[in-house]
Novice: 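Structure in structure tokens, see below.
Per chain, numbering begins at 1; letters A, B, ... match sequence-line order.
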Amino acid sequence: MRYWLMKSEPATFSLDDLAARPGQTEPWDGVRNYQARNMMRDEMRPGDQVFFYHSNCAVPGIVGIAEVVGEPRPDPTAFDPESSYHDPKSTPEKPRWHLVDVRYVRHLRRVIPLAELKTHATGALDGLPLVRRGNRLSIMPVTPEQWAFILSLE
DNA sequence: GCCAACGTTGGC
DNA sequence: GCCAACGTTGGC
């Protein structure tokens, strides 16, 4: 079982939104970055645990936990001409983009702000892409040690 | 709203 | 294959 961090803009899709979905589950569609896609398609498996991160908001930070349900699958929004995520180069026969379905687990007892996580950038969170300068990855791996450390801050 | 960082595109 | 231009991300 692996650990991950996934970013979402709460104005678009928040952890509360995830908790309110039928089955508390949502397809993580619209990822159009190859690094992020490769992680979903090639490395994510059902049961993997995910830190849910709010970006582009007043207090960016980790707000809760979700988990991967089901196997990775082609992203259907890529096939849909009406979708803002449409990519004509992705076809059902040869899908270019993939997603995983993500299910709500829980909110953290408090938001752990990016600013606080950054204070550990040269310590326990050394190497975590989130706390590196200029990082833009929307999906990233978290080591078991980093996961446990972040939970200890809760 | 600004802007640094970074990925992608496309001309050559 | 290089690299300038451009678009996007996302913190602040």
Side-chain angles (χ1 to χ4, degrees), chain A residues 2-21 26-44 48-68 72-102 104-143 145-147 149-154:
Chain A
R2 293 189 181 179
Y3 298 102
W4 305 94
L5 182 146
M6 296 168 93
K7 296 180 185 174
S8 186
E9 302 191 13
T12 305
F13 190 77
S14 69
L15 184 61
D16 286 340
D17 292 330
L18 179 63
R21 280 289 191 272
E26 180 76 358
W28 206 263
D29 57 21
V31 171
R32 297 293 179 268
N33 170 281
Y34 288 104
Q35 245 184 302
R37 177 206 67 182
N38 291 347
M39 285 187 271
M40 287 201 292
R41 187 191 61 186
D42 305 334
E43 297 182 51
M44 284 196 185
D48 284 5
Q49 299 293 110
V50 178
F51 277 137
F52 198 106
Y53 177 90
H54 280 177
S55 65
N56 241 320
C57 55
V59 183
I62 295 171
V63 294
I65 296 173
E67 69 181 355
V68 176
R73 57 189 177 92
D75 182 343
T77 64
F79 312 141
D80 178 5
E82 302 299 310
S83 170
S84 55
Y85 299 132
H86 180 233
D87 181 353
K89 294 190 186 116
S90 186
T91 64
E93 295 72 34
K94 216 167 181 254
R96 172 175 295 198
W97 304 109
H98 294 72
L99 58 73
V100 294
D101 295 280
V102 165
Y104 174 81
V105 174
R106 69 178 179 91
H107 282 69
L108 296 190
R109 288 194 288 275
R110 69 180 183 99
V111 177
I112 303 180
L114 177 63
E116 180 177 345
L117 295 168
K118 277 184 171 171
T119 66
H120 303 284
T122 56
L125 298 182
D126 183 39
L128 180 67
L130 186 73
V131 298
R132 283 210 296 262
R133 212 167 77 98
N135 159 70
R136 283 171 43 190
L137 255 191
S138 64
I139 297 175
M140 67 188 71
V142 175
T143 69
E145 293 77 17
Q146 291 163 349
W147 180 275
F149 176 77
I150 291 169
L151 280 184
S152 78
L153 300 174
E154 185 179 2

Novice: If you apply the rule side chain to side chain contact (heavy atoms under 4.5 Å, CB included), what do you find for A:Val68 with A:Met40, and how did you get there?
Specialist: CA-CA 10 Å; A:Val68 176; A:Met40 287 201 292; over 6 Å; no
Novice: More 5' along DNA chain B: A:Asn135 or A:Lys89, using each one's nearest nucleotide?
Specialist: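 That would be A:Asn135.
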Novice: For the rings on A:Phe52 and A:Trp4, is their centre-to-centre separation under 6.0 Å?
Specialist: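 No: the rings miss the under 6.0 Å criterion.
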Novice: Of A:Asn56 and A:Arg133, whose nearest nucleotide on DNA chain B comes first from the 5' end?
Specialist: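 Whichever sits nearer the 5' end wins; that is A:Asn56.
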Novice: Provide the start and end nucleotides, 5' to 3', of the part of DNA chain C that has atoms under 4.0 Å from heavy atoms of chain A.
Specialist: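 On DNA chain C, the outermost contacted nucleotides are C:dG7 to C:dC12.
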Novice: Can you name the side chain to side chain donor-acceptor pair (under 3.5 Å) partners of A:Asn33, sequence neighbours left out?
Specialist: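 With neighbours one apart ignored, the set is empty.
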Novice: For A:Arg32, give me all partners under side chain to side chain donor-acceptor pair (under 3.5 Å), at least two apart in sequence or on another chain.
Specialist: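 Partners of A:Arg32 under the side chain to side chain donor-acceptor pair (under 3.5 Å) test: A:Asp75, A:Thr77.
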Novice: Taking side chain to side chain contact (heavy atoms under 4.5 Å, CB included) as the criterion, tell me which of A:Ile139, A:Leu15, A:Ile62 meets it with A:Tyr53.
Specialist: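 Running side chain to side chain contact (heavy atoms under 4.5 Å, CB included) over A:Ile139, A:Leu15, A:Ile62 with A:Tyr53 returns exactly one hit, A:Ile62.
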